[in-house]
Amino acid sequence: MKHTDQGGAVRRRRRPAVSCITCRKRKIRCDRKAPCGNCLKSKGSSCSYRDPPLSPPKATTPRSATSLPNDCVDDENDELDVASCFSITTPPTPPSLVNTTNLGIAGTFHIHHESRQGQPNVGAFSIAHKTRYFGQSHWVNSITLVRDLFAILEPHFRNNSSPIVGCMLECKGLAKTLKSRVLPCWPYEPLFDVPPDHDDLLRNYISTSESIFRVMHIPSFTRDFHALCTSPTPPTNVAFIVQAKLVCAIGATHTDTVLRQEATQWVQDAQTWLSKPDCKHQLSLQHLQSHILLLLARKAVGVAEDMIWISVGSLLRTAMYMGLHRDGVIGTSSNKNLFTSEMRRRIWNTILELSVQSSLNAGGPPLISLQDFDTKPPSNLNDEDLHSDQAIPKADGVFTSTAISLALRKTLPVRLAIVKFLNDWSSPGDYLTALKLDSDFRAAYTLLAKFLSHVSQSSNAPLTNVNRQAVVNHINLLLRRHLLALHLPFFLPSLSRPEFAFSRVVVVDTAHRIWRGVFSTTDICASNVARSSACFRTVSMQVIIVLSTHLRAQAADPISGGMVREDLVAILEEAKQWTWRCIEGRETNVKGYLFACLVKANVDAMREGLTEPEVVKRSLEAAEEAIRKAREVLKERLRALTNMEPSCGAVTVLGNQGETVDICDGNNEWEQLQQTFDFFGGSDDLQGGRGMMLADGDNWFLDFGNGLLV
């Protein structure tokens, strides 16, 4: 409303000023606090208001941009408060501190620390390396526990008198050459030949992977599999051939190493076929089954398993596009039968499980919540029961072919909450929430443990004794990894702050149980750990880092007098032997063995009460011996391959003057390798950064577990 004074001039109605005098003069936005944030930052300014300060405006209903309210405009040169006109609220970004750490031969890592909701900064929230971003659940976050160890040893690694860096680079070149000799050249034409009639591979798959991840209808798949292998006519169903190859590839991880190269070929054949730009054939249950089998095979065989989280996102959205996240949405009335509905529920349940597990492994958010679907868990039925629409589901506790996956599904809500707590950037990250999740997890895990105990002792379970225990060990490993990841961010502060002592106990106990439950056993699961998935080897690396950090802290504690837990020391010794067996098998990456030997020697030296220079000397000697020993194994393996057909792969390195040198492309690869690396082991070229570096950088620590040789 306008008013006219006696002189005829139009005067606008004066409104109370809501900004402080200083902000009004500087014409900047004021947060209306007493004192305001701008005055606090300037320090020298006094904050005062012409009128009593008003509280910040509350969020209101969003309005159209064409009808702004009059009270959004300040007649006293106050700026337009857009946030008060449009109720757009975003989660506050917590203050962040990025600490760049160069671990030398381990690479450069950007460690993000954030204080959230007034909580103390207890550890790294995430780690960035090159173009990758890892949340708290990724195993690489555990390297923050050994930063002090690398800080002490790194100057000695770079010393020209130490051959560790040179031997490490030589081992990496040998590994690249070995892998180039056995991996097929990409791209290539896939082979849709019929896999051999390996009944043992099919049995391995059914009794292990299919028991946890329900994908196929076993009776019909077994019938078609044997018909495919024994048919005298050439097969025409390429989709089923792909599924058969993937099943055989997963089953091959539970046998010896004879079929490993064939398994890799089968996986890449399936990957090529599923990558066709034919969108229509992808919207079917058979395609979803093939996609799931491909992800399981990639994880088991070791084919780009560190990128599975990205592929799971595509699988999840394909399933949601087909309506699998909505119960009862089946398209046509002819498909409304028990078989179809139960298979849809099984596939959706497996996709949810893959989403949570891949998020835990990759350190990424699961990208799904419990509010995004209403599909019920599958019924407790055997596969033979699905042919009848009148089949009645079995009661809980009655063992069927779906019982294990159903028991694991009951723990999904709390495991999903843990992954979101660790990897969502908007997560509070506070210790009280972590303790609440710990309590919920233990309640769910207790019920699952009772069921697993029943499975181990039941004579009705359709598993052999060895495979039954392997399934139980695999589920225990999966569940305990969630508990380990939940408390690991609070482990480093727990070494000096008593309020986090519970997390230290949980982390050490869980790491001990993981090792004793999987890596110390002689069953089929331990065999799979040593020969296939890199996920298992990264878990072993995490256990080694955790236990060595705990032992080093105990040895340095003056109150304990250097007394440490002997059972944990024995695990470090077992870790050396286990990582060595991996190298003797099909592993080409020597980093795990090198690190296990280094920390074991470091802990032993600290227990003996040696001085710091003596501890460093003992650690370096152990590392040098380990890397030389591993290098000789790789050399012998390459010599054994010199009579094979040359591959299309070549290893590219940079010479001393920066020139590009291609080695290992042909029958004389061993001689070329020997000439290329002659200057290592004390050459002055290593000083000042003039030594040879592999073309893809010196990141030896992060790609641990990706050096599988089939």
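These numbers were taken from a predicted model, which means no experiment stands behind them.
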When you compare the side chains of [X] and [Y], does any donor N or O come within less than 3.5 Å of an acceptor on the partner?
| X | Y | result |
| --- | --- | --- |
| N476 | Y445 | yes |
| N361 | R481 | yes |
| T588 | R637 | no |
| Q265 | D269 | yes |

Please give me the minimum heavy-atom distance between [X] and [Y], naming the atom from each residue.
| X | Y | value |
| --- | --- | --- |
| L408 | L479 | CD1-CD2, 3.6 Å |
| A596 | I544 | CB-CD1, 4.2 Å |
| M606 | A555 | CB-CB, 3.9 Å |
| V267 | L294 | O-CD1, 3.8 Å |
| P489 | L422 | CG-CD2, 4.2 Å |
| L174 | K635 | CD1-CG, 3.9 Å |

So do [Y] and [X] actually touch side chain to side chain, heavy atoms under 4.5 Å?
| X | Y | result |
| --- | --- | --- |
| R565 | H512 | yes |
| I583 | T579 | no |
| I292 | L296 | yes |
| V247 | L201 | no |
| F441 | L486 | no |
| L610 | K617 | no |
| Q268 | T264 | yes |

Going by the rule salt bridge (Lys or Arg N to Asp or Glu O under 4.0 Å), which residues pair with [X] if we only count those two or more places apart in sequence or in a different chain?
| X | value |
| --- | --- |
| R552 | D148 |
| R203 | none |
| R415 | E353 |
| E608 | R618 |

For [X], what residues pass the side chain to side chain contact (heavy atoms under 4.5 Å, CB included) criterion, not counting sequence neighbours?
| X | answer |
| --- | --- |
| R607 | V564, E566, V569, V603, D604 |
| S503 | Y431, H487, F490 |
| T549 | L145, V146, F491, L495, I545 |

Does R516 pair with E574 as a salt bridge, N-O distance under 4.0 Å? yes
Look at E632 together with R628 and state whether they make a salt bridge at an N to O cut-off of under 4.0 Å. no
For [X], what residues pass the side chain to side chain donor-acceptor pair (under 3.5 Å) criterion, not counting sequence neighbours?
| X | value |
| --- | --- |
| Q243 | S290 |
| T510 | none |
| K576 | none |
| R504 | H550 |

So, taking the atom named [atom1] in [X] and the one named [atom2] in [Y], what distance separates them when rounded to the nearest 0.5 Å?
| X | Y | atom1 | atom2 | answer |
| --- | --- | --- | --- | --- |
| C597 | K629 | SG | NZ | 7.5 Å |
| C171 | I164 | SG | CD1 | 11.5 Å |
| L169 | I627 | CG | CD1 | 9.5 Å |
| F134 | N141 | CZ | CG | 9.0 Å |
| E614 | S619 | CD | OG | 11.5 Å |
| S358 | K299 | OG | NZ | 8.5 Å |

For the pair [X] (side chain) and [Y] (backbone), establish whether a donor and an acceptor sit closer than 3.5 Å, ignoring hydrogens and angles.
| X | Y | value |
| --- | --- | --- |
| N423 | L360 | no |
| S209 | I250 | no |
| Q542 | S142 | no |
| T350 | R214 | yes |
| S355 | P366 | yes |
| N204 | T253 | no |
| D509 | V505 | no |
| R480 | I514 | no |

Please test E636 against R639 for salt bridge (charged side-chain N to carboxylate O under 4.0 Å, His left out), starting from the C-alpha separation and ending with a verdict. CA-CA 5 Å; E636 291 296 331; R639 289 191 184 99; 2.8 Å; yes
Carefully, step by step, assess W515 and V539 under the rule side-chain contact (heavy atoms from CB on, under 4.5 Å). CA-CA 9 Å; W515 186 270; V539 172; over 6 Å; no
Between F213 and S405, is the side-chain contact (heavy atoms from CB on, under 4.5 Å) condition met? List the steps. CA-CA 6 Å; F213 306 99; S405 61; over 6 Å; no
Residues in ring-ring contact (aromatic ring centres under 6.0 Å, His included) contact with W580, at least two apart in sequence or another chain: Y593
For E621, is the CD atom crowded, meaning more than 12 foreign heavy atoms sit under 6.0 Å from it? yes
Test log, rule side-chain contact (heavy atoms from CB on, under 4.5 Å), inputs Y205 and L293: CA-CA 11 Å; Y205 168 78; L293 290 175; 3.3 Å; yes
Step-by-step side-chain contact (heavy atoms from CB on, under 4.5 Å) determination, M168 to R631: CA-CA 8 Å; M168 176 60 67; R631 181 183 59 180; over 6 Å; no
